[in-house]
Amino acid sequence: MLTELQRRFGLAAGMLVALALPAASESCSRMDHDGQGYVVCQVEAAREPALRLWQDGADGRPLLNFNNVRKALDQSESLEFAMNAGMFHPDYRPVGLLVVDGQERSPIVTGASNDNFGMLPNGVFCTGGARAFQVIESRAFAEARPDCRLATQSGPMLVIDGALHPRFLVDSDSRHIRNGVGVSPDGETAWFAISDRPVTFHEFGRLFRDGLGVRDALYFDGSISRLYAPGVNRADFGRSLGPIIGLVGGTG
């Protein structure tokens with residue numbers, strides 16, 4: 001685990017090098033909620049086909065970081081934003097379900113565990129199915145097996161049908177830089193968010209429920225959470241990543 005000082009240094013250095021980043025469309029913006037700062041990246045249904053989920057490169061090895069993701073793009077493409085998209089094993093394999101372009105790369109896991117992933121209910125972020133975007137509780141997903149172009153499983157759920165996860169404590173002292181995804185009630189919009197500073201689960205869940213008005217949201221990770229977003233001068237770096245999600249645009 002990186003120390004808090006190391007994480008903050010990586011974030012600050014990432015912001016400095018971001019000054020030289022290529023231009024990108026304004027998918028991401030800064031937002032304040034309940035005294036905390038966040039970057040929120042919004043994707044509408046019409047752009048769902050431009051959303052991608054990466055794990056391995058053409059050589060079969062994990063991509064690990066945003067720079068390698070950018071190198072994997074075609075010359076006509078640019079990376080508008082990207083963030084880590086779920087928890088992973090020491091070899092960077094995803095802990096739970098991963099579906100890339102309709103192909104299952106890792107199976108769903110429905111059991112409880114003592115880590116954040118297994119803090120039930122956990123869930124699956126699914127795109128390109130019956131709705132453009134969905135966050136579905138994992139056991140319901142395993143039973144229904146909905147079609148997804150992209151899917152990543154993580155946990156815990158932040159917001160479940162309009163309610164915060166029952167284990168979130170208002171006065172918790174567990175704080176990390178956290179990131180996750182929430183979906184509008186009609187499934188037409190997805191918001192990817194990351195905190196500027198360490199926040200509690202309760203604070204992060206309230207961002208999605210009260211600040212963005214979502215009824216279902218999913219936690220991606222904490223402590224290793226990072227963002228690439230040229231539009232807001234962010235290019236965080238540090239520990240290598242497993243699954244990465246991002247939005248791709250054209251250069252011209």
Side-chain angles (χ1 to χ4, degrees), residues 1-21 24 26-43 65-67 80-88 115-117 119 122 125 135 154-159 164-165 167-183 190-214 217-247:
M1 283 289 186
L2 296 175
T3 66
E4 184 63 28
L5 180 61
Q6 286 172 310
R7 286 196 295 270
R8 290 182 179 180
F9 175 79
L11 179 60
M15 288 179 174
L16 288 175
V17 300
L19 296 176
L21 290 172
E26 298 301 320
S27 303
C28 304
S29 60
R30 299 189 182 278
M31 176 178 177
D32 290 327
H33 185 262
D34 275 357
Q36 299 290 350
Y38 301 90
V39 174
V40 179
C41 301
Q42 179 173 319
V43 182
N65 59 57
F66 302 138
N67 193 43
E80 294 191 16
F81 78 84
M83 65 169 50
N84 50 297
M87 299 172 193
F88 50 90
D115 55 9
N116 287 333
F117 181 93
M119 190 193 301
N122 57 16
F125 174 61
V135 170
S154 192
M157 294 273 284
L158 295 167
V159 185
L164 296 182
H165 194 289
R167 291 182 59 182
F168 293 173
L169 302 176
V170 176
D171 58 352
S172 172
D173 60 1
S174 175
R175 292 182 172 273
H176 294 283
I177 293 176
R178 303 183 190 272
N179 73 305
V181 62
V183 173
W191 290 281
F192 301 84
I194 185 169
S195 64
D196 290 337
R197 297 180 297 175
V199 295
T200 66
F201 272 127
H202 202 278
E203 289 168 334
F204 197 43
R206 293 202 313 269
L207 165 74
F208 285 101
R209 185 192 66 180
D210 304 334
L212 296 170
V214 311
L218 180 65
Y219 180 62
F220 278 155
D221 214 333
S223 73
I224 63 117
S225 298
R226 291 199 304 286
L227 174 70
Y228 173 89
V232 292
N233 288 338
R234 286 282 295 268
D236 308 343
F237 63 88
R239 179 180 170 183
S240 296
L241 304 172
I244 297 171
I245 198 164
L247 188 69

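Just so you know, residue 1 is the first one in the sequence shown, and it goes up from there.
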Of all the heavy-atom pairs spanning [X] and [Y], show the shortest one and how long it is.
| X | Y | result |
| --- | --- | --- |
| Ser27 | Glu80 | OG-OE1, 2.6 Å |
| Gly35 | Arg197 | O-NH2, 3.3 Å |
| Phe208 | Gly182 | CE2-N, 3.3 Å |
| Leu207 | Ala193 | CD2-CB, 3.8 Å |
| Ser240 | Phe88 | O-CZ, 3.5 Å |
| Met87 | Pro243 | O-CD, 4.4 Å |

One thing to verify: whether Asp196 and Arg234 come together as a salt bridge, which I'm taking to mean a side-chain N less than 4.0 angstrom from a carboxylate O. yes
Would Asp221 and Arg178 pass as an ion pair if we require N to O under 4.0 Å? no
So, [X] side chain and [Y] main chain: donor-acceptor pair closer than 3.5 Å or not?
| X | Y | value |
| --- | --- | --- |
| Asn122 | Met157 | no |
| Ser154 | Gly86 | no |
| Asn179 | Ser225 | no |
| Thr200 | Arg175 | no |
| Arg226 | Arg239 | yes |

One pair to check against side chain to side chain contact (heavy atoms under 4.5 Å, CB included): Val43 and Phe81. What are the steps and the verdict? CA-CA 10 Å; Val43 182; Phe81 78 84; 3.7 Å; yes
Are the aromatic rings of Phe201 and Tyr219 close, with centres under 6.0 Å apart? yes
Kindly state whether the ring of Phe125 and the ring of Phe192 have centres lying under 6.0 angstrom apart. yes
Using 0.5 Å steps for rounding, measure from the [atom1] atom of [X] to the [atom2] atom of [Y].
| X | Y | atom1 | atom2 | answer |
| --- | --- | --- | --- | --- |
| Leu241 | Asn65 | CG | CG | 7.5 Å |
| His202 | Leu158 | NE2 | CG | 11.5 Å |
| Ile177 | Phe204 | CD1 | CZ | 11.0 Å |
| Ser195 | Leu227 | OG | CG | 11.0 Å |

Apply side chain to side chain contact (heavy atoms under 4.5 Å, CB included) to the pair Met83 and Ile244, showing each step before the final yes or no. CA-CA 6 Å; Met83 65 169 50; Ile244 297 171; over 6 Å; no
Kindly indicate whether the side chain of [X], heavy atoms from C-beta on, has any atom under 4.5 Å from the side chain of [Y].
| X | Y | value |
| --- | --- | --- |
| Val39 | Ser29 | no |
| Leu164 | Arg206 | yes |
| Val181 | Trp191 | no |
| Asp210 | His33 | yes |

Would you call the rings of His165 and Phe168 parallel, tilted or perpendicular, where under 30° means parallel and over 60° means perpendicular? parallel
